[in-house]
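Heads up, the thing below is written out as structure tokens.
Values below: all heavy atoms of this structure, side chains included; hydrogens, waters and symmetry mates excluded. It should be emphasised that the depicted structure is a prediction, and the values quoted were computed from it without experimental measurement.
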Amino acid sequence: MNLDMNDRTAVERRLWDEIERHQVGMLGIVGADVHHTQPMTAFVEGHDLWFFTRADTDLARRIGEGHEAIFVFQAKDLYACLSGELTLSHDEDRIAKYWNAVAAAWHPQGKDDPLLTMMRLACREAELWITDGGPMKFAWEIAMANARKHEPHLGAKANLRFH
């Protein structure tokens with residue numbers, strides 16, 4: 001791991017870069033009646049994540065005027081959970097901006113579908129872990145942890161607040 005986890009700017013840049021590069025994570029709203037997340041494609045804009053959906057989905061109906069939500073994301077050596085308020089926003093400019101072949105595949109009625117809308121996760125905080133060393137380091141640390149009866153040293157954790 002070549003990233004100083006105490007360098008908040010570098011850690012935050014790495015988080016947004018990885019989400020922008022890979023885009024797919026698991027989105028879910030927080031609540032007693034919700035027990036799962038679902039895969040979604042995220043579009044990064046500042047500290048916000050934007051997602052396509054339809055206004056008639058279960059998720060969109062549950063969001064209502066806004067709801068606490070989480071986005072769980074994993075890249076090769078980065079694991080993150082972002083949280084904030086998820087709202088619906090029928091933003092035609094963003095629909096046009098982010099429309100692509102993937103969105104078109106999930107929304108065959110096209111970007112002019114009256115039920116097509118966007119969700120915005122206004123991220124307030126993130127907790128992330130960055131591992132280092134790859135599979136050989138992992139195997140070594142697991143072996144050493146078991147032999148010496150201590151936890152393995154596989155990376156570091158950071159907490160970020162955005163607002």
Side-chain angles (χ1 to χ4, degrees), residues 1-53 59-60 62-89 91 93-95 97-100 102-103 117-163:
M1 176 176 57
N2 296 327
L3 183 64
D4 177 1
M5 294 298 276
N6 294 313
D7 182 347
R8 184 191 188 293
T9 302
V11 171
E12 187 175 331
R13 186 177 330 111
R14 171 79 189 280
L15 172 66
W16 298 123
D17 287 351
E18 291 290 347
I19 294 173
E20 195 163 28
R21 185 175 12 267
H22 299 286
Q23 293 187 297
V24 177
M26 301 294 287
L27 178 68
I29 58 175
V30 177
D33 65 333
V34 181
H35 304 285
H36 67 276
T37 57
Q38 63 188 57
M40 298 293 287
T41 301
F43 298 92
V44 176
E45 193 173 298
H47 294 138
D48 296 337
L49 297 176
W50 290 86
F51 309 90
F52 282 101
T53 194
L59 182 59
R62 285 186 171 153
I63 293 169
E65 295 298 312
H67 211 293
E68 283 297 305
I70 60 170
F71 182 68
V72 179
F73 174 79
Q74 177 190 350
K76 179 181 172 191
D77 61 352
L78 182 142
Y79 305 84
C81 182
L82 298 94
S83 61
E85 185 177 14
L86 186 65
T87 56
L88 293 174
S89 175
D91 187 322
D93 291 336
R94 283 193 175 85
I95 289 172
K97 177 179 181 179
Y98 296 126
W99 190 258
N100 60 27
V102 174
T117 193
M118 301 289 292
M119 294 179 291
R120 173 183 169 237
L121 179 60
C123 299
R124 278 194 301 275
E125 60 185 359
E127 190 164 275
L128 62 143
W129 298 261
I130 299 178
T131 63
D132 61 348
M136 293 300 289
K137 168 101 187 248
F138 179 81
W140 174 258
E141 286 292 333
I142 295 301
M144 293 306 293
N146 283 310
R148 295 183 177 162
K149 305 296 183 211
H150 68 76
E151 290 187 8
H153 304 289
L154 293 168
K157 176 182 165 184
N159 293 295
L160 302 172
R161 291 199 178 274
F162 306 118
H163 301 286

Parallel, tilted or perpendicular: ring planes of Phe51 versus Phe71, cut at 30 and 60 degrees: tilted
Nearest heavy atoms of Leu128 and Ala80, plus distance in Å: CB-CB, 3.9 Å
4.5 Å side-chain heavy-atom contact, Leu15 and Leu82: yes
Distance, nearest 0.5 Å, that separates CD of Gln74 from CD1 of Ile19: 12.5 Å
NE2 on His150 to CE on Met144, rounded to 0.5 Å: 6.0 Å
For His36 against Arg62, the heavy-atom pair lying closest together: CE1-NH1, 4.5 Å
Heavy atoms of other groups near Arg21 CZ, more than 12 under 6.0 Å: yes
Phe73 CZ to Met26 CE distance, which is reported to the nearest 0.5 Å: 13.5 Å
Inter-residue atom distance His67.NE2 - Leu59.CG, 0.5 Å rounding: 9.5 Å
Any donor-acceptor pair under 3.5 Å from Gln23 side chain to Ala42 backbone: yes
Any side-chain heavy-atom pair of Met118 and Ile95 under 4.5 Å: yes
From OG1 (Thr131) to CG (Leu78), nearest 0.5 Å: 8.5 Å
Minimum-distance pair of heavy atoms, taken over all atoms of Ala69 and Leu86: CB-CB, 3.6 Å
Close side-chain approach of Leu27 to Met119, heavy-atom, < 4.5 Å: yes
Closest approach of Asp91 to Trp50 (non-hydrogen atoms, all atoms of both residues): OD2-CH2, 4.5 Å
Salt-bridge contact Arg13-Asp7 (side-chain N to carboxylate O under 4.0 Å): no
His47 and Phe162 aromatic ring geometry - parallel, tilted or perpendicular at 30°/60° bounds: parallel
Pair Asn159-Glu125, side-chain contact (heavy atoms from CB on, under 4.5 Å): steps then yes or no: CA-CA 7 Å; Asn159 293 295; Glu125 60 185 359; over 6 Å; no
Distance, nearest 0.5 Å, that separates CG of Leu121 from CG of Asp48: 7.5 Å
